[in-house]
Amino acid sequence: MAESARYPRVPEKPVLDGVESKWGNSWVKNNTFAFDKTATKDSVYSIDTPPPTVSGSLHVGHVFSYTHTDLIARYQRMSGKKVFYPIGWDDNGLPTERRVQNYFGVRCEPSLAYDKNFVAPTEPSEKQLPISRKNFVELCEKLTQEDEKVFENLFQTLGLSIDWNYTYQTIDKRARTVSQKAFLRNLKRGEAYQAEAPTLWDITFRTAVAQAELEDRERPGAFHKIAFKKQNGEQVFIETTRPELLPSCVALVANPEDARYKELFGKTVITPLFEVEVPVVAHHLVDPEKGSGIAMICTFGDLTDVIWWREFDLPTRGLIGWDGRIVSENPEWITSNKAKETFQKIIGKTSHTAREVLVSELKTTGELVGEPKPITHAVKFFEKGDKPLEIVTTRQWYIRNGGREQELRSKLLDRGVELKWHPEYMKVRYENWVEGLNGDWLISRQRFFGVPLPLWYKLDANGNPDYSQIITPAESALPIDPQSEAPSGFDESQRNKPNGFIGDPDVMDTWATSSLTPQIAGSWELDNDFFHRIFPMDLRPQSHEIIRTWLFSTVVRSHLEENSLPWKNTSISGWILDPDRKKMSKSKGNVVTPIDLLEEYGSDAVRYWAAMGRPGTDTAFDTGQMKIGRRLAIKILNASKFSLSLNATLNKSDVSQDVDHALLNNLAQVVETATSAFEKYEYTRALEVAESFFWSFTDDYVELVKERTYGNQGEEAAKSARAALGITTHTLLKLFAPFIPFVTEEVWSWWQEGSIHLQSWPKSFEITTKPDLGASALTNVTAILADVRKVKTENKQSMKAEVKSLEIWASKEVIAQVENAQKDLIAAGNIKDLKLNITQDETKVKVELA
RNA sequence: GGGCCUAUAGCUCAGUUGGCUAGAGCGCCGCCCUUACAAGGCGGAUGUCGGGGGUUCGAGUCCCUCUGGGCCCA
């Protein structure tokens with residue numbers, strides 16, 4: 001075996017262990033996936049990678065969906081694209097604040113001064129320690145940095161081909177600059193505006209909440225039947241689940257068709273306990289079947305109240321404050337002494353307590369009829385909150401998103417059509433959402449940790465803010481914090497002083513920053529040359545539940561700022577389902593952490609499982625698939641080692657035998673199928689065709705030609721097989737490279753230079769040696785070999801058992817193919833005597849064992 | 001209440017514009033220590049394609065309807 005030194009780097013016994021750290025480190029160290037900044041737009045493939053919420057926990061879902069993106073990135077890179085594949089960390093917003101509170105046992109108290117010697121408690125204290133806003137933000141930054149390392153470690157172990165030179169944080173300076181600049185542009189163009197309006201309000205977080213952040217939850221409640229007094233002294237009975245809102249009642253409403261109440265429309269009634277005179281109005285939204293068919297309108301109990309309040313131009317009688325408690329002063333519209341006395345009993349109370357008090361009062365006066373009737377109803381919650389939302393009137397900032405203008409809305413719907421969705425049907429979710437919008441995008445949040453609205457307001461001579469007198473910073477001064485910096489033309493001593501200024505205390509919604517990820521990653525306005533090389537981007541990968549938020553808001557910002565789509569394609573990942581359809585939970589002890597998974601099965605194996613999940617399709621968490629992936633990875637190692645040990649070559653001109661030509665034709669077909677599948681973002685299909693070819697290659701073809709490569713048919717025949725083996729191995733490694741990046745890189749390093757991930761994706765014309773031949777010259781022969789194996793198995797013989805005679809009846813063409821390959825066939829089947837007969841009938845085989 | 005997805009072997013899933021006898025892997029059963037791999041190989045069994053109706057020469061695939069599961073929204 002003089003030639004065995006041809007591939008000296010092939011190990012004796014290849015193993016999977018250690019490939020992740022070996023190649024993962026190598027890729028990072030060598031900048032293997034560095035983006036070429038000089039690349040022209042048409043050669044770039046840019047990816048708007050989702051910034052994971054670092055304060056959340058690592059989940060197998062991360063592994064799943066981020067792998068999908070990486071498959072596309074690696075394919076595009078091998079196809080010759082300059083791939084821009086950055087990543088950001090979402091460390092902005094409520095999840096981070098909440099995690100810091102729990103982790104350190106602190107809470108933000110904006111009135112406190114910054115303590116530069118502050119040291120965070122090592123153990124969270126039982127009672128939350130109040131700290132200044134700046135100290136709080138510092139803790140947020142400290143904790144998220146640690147979280148980010150954990151994610152980075154996971155993603156590198158998983159083999160994501162991210163360019164680590166382009167990481168960003170949604171709270172970092174660049175993100176703040178971009179968010180503030182984009183907001184100021186929106187403001188200048190009239191797309192951002194402030195308004196005093198009823199706002200959905202979370203009393204726990206004390207912040208306004210946007211439509212996209214709402215969810216309905218079924219909650220128990222009770223209908224209370226309460227008597228109002230008509231002008232003629234008779235009673236009319238309403239039913240309400242929120243009797244505590246009685247003091248804020250501004251009208252009664254019934255359906256215009258409801259005969260029971262027709263005579264009341266246009267008249268007034270008197271509220272119980274508080275003796276306020278309110279009108280009775282008619283509106284089609286009232287369901288005559290619900291309750292007594294007549295309801296009280298309060299400011300505000302729910303969103304329908306807001307509609308009625310607006311349409312009937314009713315007064316605002318705010319009752320609930322920002323803390324969720326009843327206001328601390330007797331409202332001006334409650335005038336009688338008895339009513340004032342009653343109101344004193346609920347001042348400052350939570351709505352729950354106020355309800356108990358008023359129900360008891362109503363019982364005493366007899367205005368509550370019967371016992372409350374328990375019901376279950378849908379109540380609006382902030383998706384991250386624990387208490388039902390209240391509606392309070394506040395001044396907030398909005399960005400136009402088509403929620404109030406048909407023209408913009410239809411343009412945004414057109415953007416949805418322009419975007420290529422993978423899978424296509426996900427577009428419907430976008431359309432449903434946009435069509436169902438009922439207001440503009442509320443972007444101001446009353447939080448501490450986030451990107452501040454870059455605004456100040458002038459104070460009048462009395463020291464009251466004049467919100468129409470907005471002071472904006474110069475773009476060059478961004479990012480700014482209006483709470484700690486004074487606007488130009490003022491100095492800090494004028495803060496909160498008459499004729500001075502105040503800073504806007506609010507921060508922007510986390511989506512107001514996330515909606516700019518293409519601009520942040522692409523250094524918009526900071527390096528516009530760079531930006532225009534990568535924008536519009538090629539792909540936004542994400543999951544389906546945030547189409548209404550992240551995807552839509554990004555489309556809005558890009559449409560407003562660039563008058564274009566932010567990306568050409570979006571691919572929507574499905575969810576991970578538990579195999580037993582039960583939620584994984586810590587209490588059950590069956591939580592699988594992704595890092596352990598990668599260690600147990602190997603990253604390539606876990607990626608294989610992920611790759612089996614098609615875009616948009618929910619996939620079961622299935623360690624069985626990972627075992628198969630692991631087996632595939634091991635098989636690639638062994639089969640490649642074997643091919644190389646047979647002195648495989650890449651000499652196309654050596655291929656002379658029909659079975660070898662046919663193998664390459666078959667392979668070329670696989671390449672074409674895999675390529676077109678990848679072009680359609682159907683990576684699973686690409687993997688499947690490569691995999692099934694690979695197994696038939698090792699099981700059938702390699703077995704068939706093994707003896708020939710040893711030289712039993714002479715050097716020329718051996719060379720033909722060695723070239724076919726080499727070309728096939730070479731091509732298969734590339735086809736598997738996006739899926740199984742570690743093992744393919746390992747094998748590549750045995751006999752080739754550089755990284756396989758920077759090689760060109762195979763093309764069918766580079767592979768074929770005799771394209772007109774087709775593939776049947778091989779498949780017809782391996783089918784016969786399979787028949788021989790079957791007979792041996794049926795007779796409980798070993799595969800190398802001798803066949804006394806093999807007789808074949810087949811068409812002229814098949815017989816010719818068998819004749820061409822008969823030496824391979826005889827050697828592989830250990831056949832002593834081969835008889836060939838031409839027939840018109842189907843191929844028939846008779847095997848006689850020794 | 002509206003929208004979307006989904007139902008195929010014990011399990012996880014393919015099945016393209018309707019077209020030969022509906023496939024794969026796992027699992028199961030049987031066999032083989034074969035000098036790449038026993039963490040391997042070879043072979044086998046397994047289906048009322050959720051139910052009902054319709055279109056068609058022909059339906060897992062298209063239409064209607066019912067039922068179960070999931071998601072989004074109201």
Side-chain angles (χ1 to χ4, degrees), chain A residues 1 10-17 211-212 214-216 285 287 302-304 378 380 383 421 423-438 543-549 572 574-575 577-581 601-602 605 608-609 612-614 616-646 648 673 676-677 680 682 684-685 687-689 691-692 695-696 698-700 702-703 706-707 709-710 725 729 747 785-801 828-830:
Chain A
M1 297 287 270
V10 180
E12 273 299 304
K13 186 149 181 76
V15 288
L16 286 182
D17 305 316
Q211 186 186 354
L214 295 181
E215 65 184 35
D216 283 3
L285 280 178
D287 178 2
D302 63 20
L303 287 175
T304 7
K380 293 209 181 308
E383 59 189 2
W421 297 76
E424 173 78 25
Y425 61 76
M426 288 292 176
K427 178 168 67 183
V428 179
R429 299 200 181 195
Y430 175 94
E431 288 170 347
N432 287 350
W433 175 251
V434 178
E435 282 161 3
L437 286 171
N438 57 29
S543 57
H544 48 68
E545 86 282 10
I546 51 173
I547 289 173
R548 67 194 168 118
T549 49
I572 309 292
W575 283 97
L577 302 177
D578 255 27
D580 57 359
R581 296 202 175 279
Y601 297 98
Y608 174 91
W609 159 72
M612 281 302 178
R614 292 168 162 73
T617 308
D618 293 343
T619 301
F621 177 77
D622 185 0
T623 53
Q625 286 291 332
M626 297 176 201
K627 287 179 185 154
I628 299 162
R630 187 174 172 86
R631 202 182 61 150
L632 174 65
I634 292 171
K635 189 78 175 180
I636 291 171
L637 284 177
N638 283 314
S640 304
K641 181 202 152 192
F642 184 55
S643 288
L644 298 183
S645 73
L646 297 173
T673 308
S676 70
K680 289 184 279 184
E682 293 171 3
T684 308
R685 177 97 184 108
L687 174 56
E688 279 173 349
V689 290
E691 189 187 10
S692 83
W695 287 104
S696 80
T698 60
D699 295 346
D700 298 330
V702 174
E703 293 303 324
K706 214 181 219 178
E707 296 293 325
T709 60
Y710 295 142
L725 282 175
T729 302
V747 172
L785 188 56
D787 285 337
V788 172
R789 283 196 297 242
K790 188 171 173 177
V791 172
K792 287 182 180 177
T793 298
E794 280 167 353
N795 288 280
K796 306 190 177 183
Q797 298 277 310
S798 143
M799 283 304 113
K800 64 180 180 187
N830 194 14

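Numbered from 1 within each chain, the chains take letters A, B, ... in sequence-line order. Please read these numbers as outputs of a predicted model, since none were measured by experiment.
- If you measure from atom CD1 of A:Ile546 to atom P of B:C73, you get 12 Å, rounded to the nearest angstrom.
- One interatomic measurement links the two molecules: CH2 of A:Trp609 to P of B:C13, which rounds to 11 Å at whole-angstrom precision.
- Rounded to whole Å, the P atom of B:G19 lies 11 Å from the corresponding atom of B:C62.
- Candidate nucleotides B:C73, B:G41, B:G43 were compared by shortest atom distance to the side chain of A:Thr793, and B:G43 ranks first.
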Checklist entry - Should A:Met799 and A:Thr793 be marked as a side chain to side chain contact (heavy atoms under 4.5 Å, CB included) after you check the CA-CA gap, both sets of side-chain angles, and the distance that decides it? => result CA-CA 8 Å; A:Met799 283 304 113; A:Thr793 298; 3.3 Å; yes
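- Checking the phosphate oxygens (OP1, OP2) of B:A36, a side-chain nitrogen or oxygen of A:Lys706 falls inside 4.0 Å.
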Checklist entry - In dot-bracket, 5' to 3', how would RNA chain B read with Watson-Crick or G-U wobble pairs under 3.5 Å, [ ] for crossing ones and | for pairs to another strand? => result (((((((..((((.....[...)))).(((((.......))))).....(((((..]....)))))))))))).
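- Spacing between B:A22 and B:C66 at atom C1', rounded to whole Å, works out to 25 Å.
- Using modelled atom types, no side-chain atom of A:Lys641 and backbone atom of A:Pro14 make a donor-acceptor pair closer than 3.5 Å.
- Closest to the side chain of A:Ile628, from the set B:G41, B:A14, B:G25, is B:G25.
- Nearest to the side chain of A:Lys796, among B:C4, B:C31, B:G41, sits B:C31.
- The same atom, C1', is picked in B:G51 and in B:A7; the two are 12 Å apart, to the nearest Å.
- As rounded to whole Å, 9 Å separates atom C1' of B:A24 from atom CE of A:Met612.
- For A:Lys790, taking side-chain heavy atoms from C-beta onward, the closest of the listed nucleotides B:G41, B:G44, B:C32 is B:G44.
- Between A:Tyr710 atom OH and B:U35 atom C1' there is a gap of 7 Å when expressed in whole angstrom units.
- Here the nucleotide nearest the side chain of A:Asn638, chosen from B:A36, B:C4, B:G41, is B:A36.
- Here the closest non-hydrogen pair linking A:Arg630 and A:Asp17 is NH2-OD1, 4.5 Å.
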Checklist entry - A:Leu725 and A:Phe642: side chain to side chain contact (heavy atoms under 4.5 Å, CB included), yes or no, with the steps? => result CA-CA 10 Å; A:Leu725 282 175; A:Phe642 184 55; over 6 Å; no
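- The separation of B:C13 from B:G50, taken at their P atoms, amounts to 15 Å, rounded to a whole angstrom.
- Between A:Lys635 and B:A39 there is no side-chain N or O to OP1 or OP2 distance below 4.0 Å.
- In this structure, of B:C4, B:A39, B:G43, it is B:A39 that holds the atom nearest to the side chain of A:Arg630.
- Phosphate contact (OP1/OP2 of B:G43, side-chain N/O of A:Arg789, threshold under 4.0 Å): present.
- Note on A:Arg631: a side-chain N or O is less than 4.0 Å away from OP1 or OP2 of B:C26.
- With hydrogens and angles ignored, the 3.5 Å screen pairs no side-chain donor or acceptor of A:Lys792 with any backbone N or O of A:Gln797.
- Between the C1' atoms of B:C72 and B:C11, the separation comes to 29 Å (whole Å).
- Nearer the 5' end of RNA chain B, as judged by each residue's closest nucleotide, is the contact made by A:Gln797, out of A:Gln797 and A:Asp787.
- Nucleotides B:G60 and B:A9 have their C1' atoms positioned 14 Å apart, rounded to a whole Å.
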Item to check | side chain to side chain contact (heavy atoms under 4.5 Å, CB included) assessment of A:His544 paired with A:Asp618 | outcome: CA-CA 11 Å; A:His544 48 68; A:Asp618 293 343; 4.0 Å; yes
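- Out of B:U12, B:C72, B:G44, the shortest distance to the side chain of A:Gln625 is found at B:U12.
- At least one side-chain heavy atom of A:Thr684 sits under 4.5 Å from a side-chain heavy atom of A:Glu688.
- Of the listed nucleotides (B:A36, B:A14, B:C4), B:A36 has the atom at the smallest distance from the side chain of A:Phe642.
- Among B:A14, B:G41, B:C71, the nucleotide with an atom closest to any side-chain atom of A:Arg429 is B:C71.
- B:C42 and B:C5 have their C1' atoms separated by 41 Å, given to the nearest Å.
- Among the atoms of the strands shown, base atoms are found under 4.0 Å from some heavy atom of A:Thr698.
- In this structure, the CE atom of A:Met426 is 13 Å from the C1' atom of B:G3, given to the nearest Å.
- Considering only side-chain N and O atoms, A:Arg548 lies under 4.0 angstrom from the phosphate OP1 or OP2 of B:C73.
- With rounding to whole Å, A:Leu646 atom CG is found 8 Å from B:A36 atom P.
- Taking the six-membered ring for Trp and the full ring otherwise, A:Trp609 and A:Tyr601 have centroids separated by 6.0 Å or more.
- When the P atom of B:C32 is taken as reference, atom CD of A:Glu794 falls 14 Å away, rounded to whole Å.
- Comparing B:C5, B:C13, B:A39 against the side chain of A:Ile634 picks out B:A39 as the nearest.
- Each of A:Ser640 and A:Lys680 has a nearest nucleotide on RNA chain B; the 5'-most of these lies closest to A:Lys680.
- Comparing the C1' positions of B:U8 and B:G68 gives a spacing of 15 Å, expressed to the nearest Å.
- Between A:Glu691 and A:Lys635, none of the side-chain N atoms (NZ, or NE/NH1/NH2) sits under 4.0 Å from a carboxylate O, so this pair counts as no salt bridge.
- Remark: the backbone N or O of A:Ala639 is paired with a side-chain donor or acceptor of A:Ser643 at under 3.5 angstrom.
- Here A:Asp699 lies in heavy-atom contact (under 4.0 Å) with sugar-phosphate atoms only.
- In this structure, A:Lys641 places its NZ atom 14 Å from C1' of B:G40, rounding to the nearest Å.
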